[in-house]
Protein chains: 2
Amino acid sequence: MNDKELLEKSNEILSSPRNQDEEIQALQDTLYVLSGKWKIPIINSICNGNRRFRDIERSIPGITTRMLSKELKEMSANQLIKRTVVDDTPVIIEYSPTDYCHSFGSIILEMIKWGKAHRQRLREKS
Amino acid sequence: MNDKELLEKSNEILSSPRNQDEEIQALQDTLYVLSGKWKIPIINSICNGNRRFRDIERSIPGITTRMLSKELKEMSANQLIKRTVVDDTPVIIEYSPTDYCHSFGSIILEMIKWGKAHRQRLREKS
DNA sequence: CGGCATCCAACCGGATACTG
DNA sequence: CAGTATCCGGTTGGATGCCG
């Protein structure tokens, strides 16, 4: 399926009155799991290969250690990522994505695509 | 492109180290525009054909008139939706999606898809 | 390096009441 | 119906400093 067909399918499905209740519920479930400013950028960063705290931190503009620490803990608890202690000296901590984490791939890709098109639109206007 | 291929492509692209800076920026731009609990459900509702305030309100579980009012105003200002006064008696107000609004279709579809799969996973576990 | 503790401001958003 | 007004509590999240 190419982009044009995908878009048409999107609009068709979005315009359909069927299963609206189920869809809004699914939507709100997803938004709940991804709530806040940082979970998606963190997932993206870890899926991009970043493994260590400082690396993840540096890869996300604006995040603080406090928020990264908090989110990593929460996301570990929710099986979104795995925290591994590599028993070297000094100890190295590694965060890695779970399959569950990868399941957000399509959402993140669509968001990146939208963001790029958005910047393009802004450039064209000015 | 089928789902399996799409997933592989997602992982491939997500694993690529190129353009990480541009992508995280695009991602954060998108998250900024869509920030908060309600914008995505509202977009979905309006794209689903809901036009009037009460209809939109009823279609989104949990939203209050205050938040809906606030978001609709903000989203009108940002050209995401259009507010039309139908000069009937009594006056009818209609909200409709702009092209800009439709551009979120793919993101919303992916979120609905994820949410449904999420519920399915939970059902299978229990 | 990989965090935790504390303080604090902003705001998000719920409840409720009210208006034309 | 289509909102506005007010109140206010909880959470988000930034700044900073500290620890092993």
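When reading the values below, keep in mind they use all heavy atoms of this one structure, side chains included, and skip hydrogens, waters and symmetry mates. Chain A is the first sequence line, chain B the second, and so forth, proteins listed ahead of strands; every chain is numbered from 1.
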Which heavy atom of [X] sits nearest a heavy atom of [Y], and at what distance?
X: A:M75; Y: A:I43; value: CE-CG1, 3.5 Å
X: A:L34; Y: A:F104; value: CD2-CE2, 3.5 Å
X: B:P41; Y: A:L27; value: CA-CD2, 4.3 Å

I need the [atom1]-[atom2] distance between [X] and [N], as an integer number of Å.
X: A:I42; N: C:dG2; atom1: CD1; atom2: P; value: 15 Å
X: B:M67; N: C:dT16; atom1: CE; atom2: P; value: 17 Å
X: A:E74; N: C:dC4; atom1: CD; atom2: P; value: 13 Å
X: A:D87; N: C:dC1; atom1: CG; atom2: C1'; value: 15 Å

(request) Could you pull out all residues at least two apart from A:Y100 that satisfy side-chain contact (heavy atoms from CB on, under 4.5 Å)? (result) A:L80, A:T98, A:S103, B:W114, B:H118, B:R121

(message) Contact list please: residues 50-61 of chain B against DNA chain C, heavy atoms, distance less than 4.0 Å, in numerical order.
(response) none

(request) Please work out which residues in residues 90-98 of chain B have a non-hydrogen atom less than 4.0 Å from an atom of DNA chain C and list them by number. (result) none

(request) Look up atom CD in A:Q20 and atom OG in B:S45, then write down how far apart they are to the nearest 0.5 Å. (result) 7.0 Å

With sequence neighbours excluded, what pairs up with [X] under the side-chain hydrogen bond (donor to acceptor under 3.5 Å, both in side chains) test?
X: A:E57; answer: A:R54
X: A:D55; answer: A:R58
X: A:T30; answer: none

(request) Side-chain contact test, heavy atoms from C-beta onward, threshold under 4.5 Å: evaluate it for B:I56 versus B:I63 and give yes or no. (result) no

(request) Could you name each residue pair satisfying salt bridge (charged side-chain N to carboxylate O under 4.0 Å, His left out) that touches residues 92-102 of chain A, not counting sequence neighbours? (result) none

(request) Could you list all the salt bridge (charged side-chain N to carboxylate O under 4.0 Å, His left out) pairs where at least one residue sits in residues 24-42 of chain B, not counting sequence neighbours? (result) A:R119-B:D29, B:K39-B:E71, B:K39-B:E74

(message) Are B:V86 and B:Y95 linked, directly or through intermediate hydrophobic residues, by side-chain heavy-atom contacts shorter than 4.5 Å (ILVMFWY only)?
(response) no

(request) Determine, using the 4.5 Å side-chain heavy-atom cutoff (strictly less than), whether B:L72 and B:I92 are members of one ILVMFWY cluster. (result) no

(message) With a strict under 4.0 Å distance from non-hydrogen atoms of chain A, what nucleotide opens and what nucleotide closes the contacted stretch of DNA chain D, reading 5' to 3'?
(response) D:dG13 to D:dA15

(message) Which Ile, Leu, Val, Met, Phe, Trp or Tyr residues join A:L122 in one cluster when any pair of side-chain heavy atoms under 4.5 Å counts as a link?
(response) none

Protein and nucleotides 5-8 of chain C: nitrogen or oxygen contacts under 3.5 angstrom:
none

Polar atoms only, N or O, under 3.5 Å: list the protein pairs with nucleotides 18-20 of chain C and their distances.
none

(message) Strictly distance-based, threshold 3.5 Å: is any side-chain N or O of B:Q28 a donor or acceptor partner for the main-chain N or O of A:P61?
(response) yes

